[in-house]
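Following: one structure in structure tokens, then a few remarks.
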Amino acid sequence: MAKFFTKEHEWVEMDGAQAIVGISEHAAHELGDITFVELPKIGKSVKQFDTLAGIESVKAASDIYAPVSGKVAQVNDKLEDAPELVNQGAESEGWICRLEGVDASELGALLDAAAYAKYLEGL
Amino acid sequence: MFTWRLIDTGPLEGPANMALDEALLNCFDKERSQPLLRLYGWDPPALSVGRFQDAAAALKLELCREEEVPVVRRMTGGGIIYHAQELTYSIVCAPGHIGGAAGVKDGFRRLCAFLLGTYQKLGLEASFAADLNPDGERLGARTTFCFAGKEEFDIVVRGRKIGGNAQRRVNGAILQHGSIPLVSRVQHGLRYLKETAPGAAGAVSLAELGIAVEASQLKRTLVESFQERLGVSLRPHPPTEAELGAAALLETRKYRSASWNLEGRT
């Protein structure tokens with residue numbers, strides 16, 4: 001499945017019935033050295049674009065928003081001890097969590113990779 | 001010349017300070033609002049903890065209660081600060097107001113330049129830690145106590161860190177606030193920490209550097225440096241009714257609640 005992006009720089013990729021969520025490589029680069037990721041609680045329900053998690057880099061605190069609605073099924077607990085994984089591979093091993101109960105039609109409100117690349121050019 | 005707002009609220013209680021900073025950020029429209037610099041202080045002295053810190057794990061909360069030292073959680077990153085005898089500032093702006101610096105590190109470099117200028121005007125040789133660091137000291141490690149660690153854009157005078165700065169980024173807007181210690185209260189602040197913070201001995205205040213300056217004089221120097229470094233003019237413009245109303249709500253509901261201050265839950 002392809003990745004879809006928000007204008008706030010999160011990505012989401014469907015994997016069967018679940019959605020894998022993270023922040024984009026662009027966001028990780030802009031944040032600089034990531035020192036902490038506040039992972040969401042398993043079972044937490046979020047609506048699309050609500051605050052899902054938190055992230056800190058260089059003493060800057062930012063929110064991570066849910067690219068789609070759903071319930072947190074799994075978190076990447078490797079980030080508890082190694083938040084730098086997000087810098088190393090924001091769109092791969094630095095994923096944040098998996099959501100279940102996702103309505104795939106919400107992907108329509110997001111940008112595909114080409115549209116996101118174009119959006120970044122305009123920033 | 002582009003004009004920024006200057007807000008001088010004087011010293012307030014910790015929860016009121018943090019509520020007003022958040023209200024100024026929440027009411028800020030990155031397209032239409034004027035960016036701002038706020039100057040303030042803390043009365044009574046208080047401890048602030050970073051957005052994601054575990055207050056109970058880091059602080060002797062019992063001792064804080066006994067000695068009536070308030071603990072308030074900031075919405076910004078970074079570590080614990082004991083606020084007393086300092087000049088505190090906050091800035092609310094968008095990347096477009098600081099030359100399009102969207103990245104966190106670049107933002108810190110641009111938004112801390114006026115601090116370098118302030119210290120230089122006071123006759124101190126101040127530099128960013130990133131521009132010194134000759135012996136490959138590790139920068140950027142996460143520390144419990146703010147003044148115990150060094151980030152690339154922390155300011156260093158005679159090899160010692162002075163003050164600390166932290167940011168909150170929300171929907172393309174930036175809030176940065178930070179401290180300029182007039183007199184060092186680091187040792188007093190360390191009493192409230194559960195663990196020792198060896199690096200904190202490296203922190204320094206203006207008084208320890210032989211600079212005896214009143215807060216009012218320091219404010220004038222800082223305003224001058226801010227205008228020069230950012231190439232803007234500052235004009236007094238106190239908080240609006242809407243900002244004060246938002247701050248009052250945040251103070252009662254968030255910054256005076258134990259669930260936020262101690263656990264970080266809203």
Side-chain angles (χ1 to χ4, degrees), chain A residues 5-10 23-41 43-67 75 77 79-88 90 96 116 119-123, chain B residues 22 25 49-54 73-81 94-96 100-109 111-112 129-130 138-144 146-147 149-154 163-179 263-266:
Chain A
F5 296 83
T6 68
K7 289 186 173 177
E8 296 295 333
H9 311 289
E10 291 86 13
I23 66 166
S24 72
E25 281 171 9
H26 169 83
H29 179 74
E30 293 285 283
L31 286 168
D33 305 326
I34 291 162
T35 52
F36 182 75
V37 178
E38 186 186 55
L39 295 166
K41 295 253 185 309
K44 172 181 174 162
S45 287
V46 283
K47 291 260 179 266
Q48 190 175 31
F49 307 132
D50 276 358
T51 303
L52 173 67
I55 194 160
E56 178 163 339
S57 64
V58 210
K59 298 188 179 178
S62 312
D63 290 333
I64 297 171
Y65 303 101
V75 297
D77 46 25
L79 301 182
E80 285 175 6
D81 294 323
E84 63 275 12
L85 287 176
V86 181
N87 288 116
Q88 288 163 17
I96 307 287
Y116 180 65
Y119 170 70
L120 291 182
E121 277 171 28
L123 289 183
Chain B
E22 183 168 348
L25 176 65
V49 301
R51 170 67 187 91
F52 299 120
Q53 284 191 288
D54 183 340
R73 182 176 298 273
R74 304 188 305 270
M75 62 177 155
T76 52
I80 292 166
I81 296 185
V104 168
K105 285 188 185 180
D106 202 15
F108 269 113
R109 183 182 271 280
L111 287 175
C112 290
R138 187 176 170 225
L139 300 175
R142 196 165 189 247
T143 52
T144 304
C146 171
F147 294 150
K150 269 191 211 147
E151 292 284 347
E152 287 173 59
F153 299 110
D154 278 339
N165 311 285
Q167 287 186 4
R168 166 88 181 148
R169 288 175 164 252
V170 115
N171 296 327
I174 305 168
L175 176 133
Q176 177 174 309
H177 51 200
S179 303
E263 294 162 41
R265 285 190 291 114
T266 44

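In what follows, every chain begins at residue 1, and chains take the letters A, B, ... in the order their sequences are listed.
The most heavy-atom pairs under 4.5 Å with chain A, out of B:N171, B:V170, B:I174, come from B:N171.
Taking the side chain as every heavy atom from C-beta outward, A:D33 and B:K105 approach each other to under 4.5 Å. Residues B:R168 and A:D63 have side chains in contact (heavy-atom distance under 4.5 Å, counting atoms from C-beta outward).
Shown here for A:A61 and B:G77, the closest heavy-atom pair between the two residues is CB-N, 3.6 Å. Among all heavy-atom pairs drawn from A:V58 and B:V104, the shortest one is CB-CG1, 3.9 Å. Shortest non-hydrogen contact noted between A:E38 and B:F52 is OE1-CE2, 3.5 Å.
With B:Q167 contributing its side chain and A:K59 its backbone, the two residues share no donor-acceptor pair below 3.5 Å.
Heavy atoms of A:I55 lying under 4.5 Å from chain B belong exclusively to its backbone. Only the side chain of B:E152 comes within less than 4.5 Å of a heavy atom in chain A; its backbone stays farther off.
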